[in-house]
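Have a look at the structure below before the remarks.
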Amino acid sequence: MEWDNFRAEVLQCTKCPLKDSRKHIVVGEGPEQAPVMCIGEGPGYYEDIEGRPFVGHSGQLLDKILSVCGFSRSTHVYIANIVKCRPPHNRTPLPEERTSCLPFLLEQIRLVNPFIIILLGATAAKGLLNSDAGITRLRGKWILWQGRWVMPTYHPSALLRNPSLKKDAWEDFKLVIDKYRELVNPLHHSDFH
Ligand code: URA
């Protein structure tokens, strides 16, 4: 019921100007109570068309990374974004767009109740932590945020643009697997660690 109310509220949102250019609102996707939550920036071209998060090129890479870690979107990971509507031409969401959408994300985190949150990229880190530190400085270090373990790492689109960042991203995901074994399932199997 809470989820139904939440979805209904998001799906009728007109709080910011992104409402004018969106095709679909992308609420988020995954188990309603997932141990891990990934937070991206906002819908891109394909997400806006389909109404689902991370279905384009970045999404394919994210799926691969999660699968090597032994995670899937159907069982372990809920995926959300800082803003639920696509910014025109995929520009970075404006601070006021982030701010007006943040209550939805906070409610989503409360409902999913994840042990671990993975912040994908600088906009996600800025949006949730309200920190101006760059992702290069934040990544790879756990932050305890409101009782949840938060790992900032690179956005998959950064990894596609600059494959030399992948090595660091794998280190970050190894830490996530360690934490998952510590908090959720000591026997969790992953293909690389
Ligand atoms: N990039 C994001 O940050 N989120 C999506 O849902 C898709 C691409």
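Read the numbers this way: they start at 1 and go in the same order the structure lists the ligands and their atoms. Remember, predicted model here, so these are calculated numbers, not experimental data.
- For the pair Phe54 and ligand 1, the shortest N or O to N or O distance falls below 3.5 Å.
- Between Glu47 and Arg52 there is no salt bridge, since no side-chain N of the basic residue sits under 4.0 Å from a carboxylate O of the acidic one.
- A salt bridge (charged side-chain N to carboxylate O under 4.0 Å, His left out) check over residues 161-170, counting only residues at least two apart or in different chains, returns the pairs Arg139-Asp168.
- Using a cut-off of 4.0 Å between Lys/Arg side-chain N and Asp/Glu carboxylate O, Arg7 and Glu32 are scored as salt-bridged.
- Contact atoms of ligand 1 toward Gly40: 3 (O) (distance under 4.0 Å to a heavy atom of the residue).
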Tell me, with the steps shown, if Gln12 and Lys19 meet side chain to side chain donor-acceptor pair (under 3.5 Å).
CA-CA 10 Å; Gln12 62 194 18; Lys19 72 178 189 315; over 6 Å; no
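- When only non-hydrogen protein atoms are considered, atom 4 (N) of ligand 1 lies nearest to Asn81 OD1, 2.8 Å.
- A heavy-atom separation below 4.0 Å is found between His155 and ligand 1.
- Near Pro53, with a cut-off below 4.0 Å to any heavy atom, the atoms of ligand 1 are 6 (O).
- At least one N or O atom of Glu41, backbone or side chain, sits closer than 3.5 Å to an N or O atom of ligand 1.
- For ligand 1, the polar-atom distance check finds an N/O of Gly42 within less than 3.5 Å of one of the ligand's N/O atoms.
- Nearest heavy-atom pair across Val176 and Ile116 is O-CD1, 4.0 Å.
- For ligand 1, the polar-atom distance check finds no N/O of Ser58 at less than 3.5 Å from any of the ligand's N/O atoms.
- By the 30° and 60° cut-offs, the orientation of the rings of Trp3 relative to Tyr78 is tilted.
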